[in-house]
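The shown structure was predicted, so the numbers you read here are calculated from the model rather than taken from an experiment. The basis for the numbers below is simple: all heavy atoms, side chains too, and nothing from hydrogens, waters or symmetry mates.
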Amino acid sequence: MEDNPQPMADTLFALPGHALIALEGRDAAAFAQAQFMNDVALLEPGQWQWNGWLTPKGRVIALLALLKRSDDMLWLLLPDADAVAFAAALQRFVFRSKVRIQVREDLHACGRFAAPANASGATFAGGEDTGIELDIGSPGALRTLRLSPTPGRQDEAAAARWHALDLEHGLPRLPASQVEQWTPQQLSLDRLRAFSVKKGCYPGQEIVARTHFLGQAKRGLVLLESDAALEAGRDVTAGAVAMGKLVAAGFDGAKHLALAVMPLEREAVELEVDGTPVVERPIRDGLSR
């Protein structure tokens, strides 16, 4: 049975902040392979993966879902980043590559708390005219993300619940203040299989690979719950000792949640944020592709 089922599970609602960018052209796949942190070459047409773009110092600019429509067409679904600014920044690296970067304002990201009709796991389904659906859920929290030519209904409560479920699954929804602050390992993006340490060069690859092979990842994501509102950027403390920092926060109507970067090895201590107690919760499995 689905955890915390929604009263209108079959109704599509808008997902604020989500945007779509298309990469089209003969060199689209090669360009994405050279720029992004996951191995795009592993995808067959009709498949998608978690991926992201890093600074040369290995800090996450944006986390995204990369869909391979065909060998010369890729879609980038960005949950939080400014699509226009992201596309403009990416454009600076095109040089002589045969690839066109376009923000797709004609397709809208919508959510539904139900299993997809045809998509499953890393395989998406549908077309531009009717909409493309992705399986974005887990066994205990069924969800469909749909890229549709028709906008979904506005439902702040449903969108907040969606956002909170992302956090519960360890998907960091980074606000602007947390962009370019964290490495993939610090954000525990290995849980999502969102980066590669074996493929060829990409911005930040040297930092990511060195951290992986030398075993230097000492911090990762922790899910925290509180009775009070939480805000990204705030410190997590144990008494007077700083333990970590909140990187993403949300509220599903019942509980306040946040993902924090904290030491992987630490003693069990009472944690606080701005003097308010917070409790560590297990991160759900199910979003890796």
Side-chain angles (χ1 to χ4, degrees), residues 15 18-54 56 60-110 116-136 144-149 171 184 189-190 192-205 208-209 287-289:
L15 292 176
H18 288 64
L20 186 66
I21 294 175
L23 306 182
E24 299 181 49
R26 184 185 66 193
D27 297 331
F31 177 77
Q33 181 76 340
Q35 289 297 321
F36 302 138
M37 64 184 183
N38 209 347
D39 196 342
V40 179
L42 296 178
L43 292 178
E44 298 292 336
Q47 294 183 328
W48 71 279
Q49 63 183 192
W50 296 112
N51 209 319
W53 200 27
L54 306 179
V60 177
I61 298 171
L63 181 66
L64 54 94
L66 187 148
L67 291 68
K68 187 174 185 180
R69 299 290 317 284
S70 66
D71 290 333
D72 57 2
M73 181 183 294
L74 307 176
W75 283 1
L76 313 178
L77 177 61
L78 288 80
D80 301 292
D82 181 325
V84 174
F86 185 96
L90 199 59
Q91 182 66 44
R92 293 198 292 267
F93 296 91
V94 170
F95 301 119
R96 297 181 181 179
S97 297
K98 302 298 183 182
V99 58
R100 183 165 66 99
I101 302 172
Q102 178 185 13
V103 178
R104 293 290 304 269
E105 297 180 348
D106 57 324
L107 292 173
H108 310 274
C110 309
N118 297 299
S120 178
T123 301
F124 60 86
E128 289 192 41
D129 293 340
T130 58
I132 289 180
E133 63 177 16
L134 286 74
D135 180 3
I136 206 80
T144 298
L145 191 154
R146 191 173 186 85
L147 297 171
S148 172
L171 178 64
L189 294 182
D190 51 311
L192 303 179
R193 300 176 186 171
F195 65 91
S196 171
V197 297
K198 297 181 179 179
K199 76 166 194 168
C201 293
Y202 56 89
Q205 182 268 347
V208 172
L287 286 196
S288 61
R289 291 295 177 260

Exercise for the section: Would you mind checking if D71 and K68 are paired as a salt bridge, meaning a charged N to carboxylate O distance below 4.0 Å? Expected result: yes
Practice task
Verify side-chain contact (heavy atoms from CB on, under 4.5 Å) between I132 and L107, making sure each step is shown before the conclusion.
Solution key: CA-CA 10 Å; I132 289 180; L107 292 173; over 6 Å; no
Practice task
Could you tell me whether R69 and E24 make a salt bridge, using a distance below 4.0 angstrom between a side-chain N and a carboxylate O?
Solution key: no
Handout entry: F195 ring center within less than 6.0 Å of W50 ring center
Key = no
Exercise for the section: Taking the side chain as every heavy atom from C-beta outward, state whether W75 and L147 have any pair of such atoms under 4.5 Å apart. Expected result: yes
Handout entry: Minimum side-chain heavy-atom gap V103-L20 below 4.5 Å
Key = no
Exercise for the section: Go through the steps for W53 and L76 under the test side-chain contact (heavy atoms from CB on, under 4.5 Å), then give the verdict. Expected result: CA-CA 11 Å; W53 200 27; L76 313 178; over 6 Å; no
Practice task
Please name the pair of heavy atoms, one in K199 and one in Q205, separated by the smallest distance, quoted to 0.1 Å.
Solution key: O-NE2, 4.2 Å
Practice task
For V40 and Q33, run side-chain contact (heavy atoms from CB on, under 4.5 Å): C-alpha distance rounded to whole Å, both residues' side-chain angles, the deciding distance at 0.1 Å, then the answer.
Solution key: CA-CA 5 Å; V40 179; Q33 181 76 340; 3.4 Å; yes
Using a 3.5 Å cut-off and no angle test, enumerate the donor-acceptor pairs between side-chain atoms of residues 94-102 and protein atoms at least two apart in sequence or in another chain.
| unit_1 | atom_1 | unit_2 | atom_2 | d |
| --- | --- | --- | --- | --- |
| S97 | OG | V94 | O | 3.2 |
| R100 | NH1 | Q102 | OE1 | 3.4 |

Exercise for the section: State, yes or no, whether a side-chain contact exists between F36 and L66 at a heavy-atom distance under 4.5 Å. Expected result: yes
Handout entry: Chi angles and distances behind the side-chain contact (heavy atoms from CB on, under 4.5 Å) call for L77, L64
Key = CA-CA 6 Å; L77 177 61; L64 54 94; 6.0 Å; no
Handout entry: Distance in Å, I136 CD1 paired with L287 CG, rounded so as to fall on 0.5 Å steps
Key = 6.0 Å
Practice task
Using a 4.5 Å cut-off on heavy atoms from C-beta on, say whether the side chain of W48 contacts that of L43.
Solution key: no
Practice task
Could you list the residues that satisfy ring-ring contact (aromatic ring centres under 6.0 Å, His included) with F31, not counting sequence neighbours?
Solution key: none
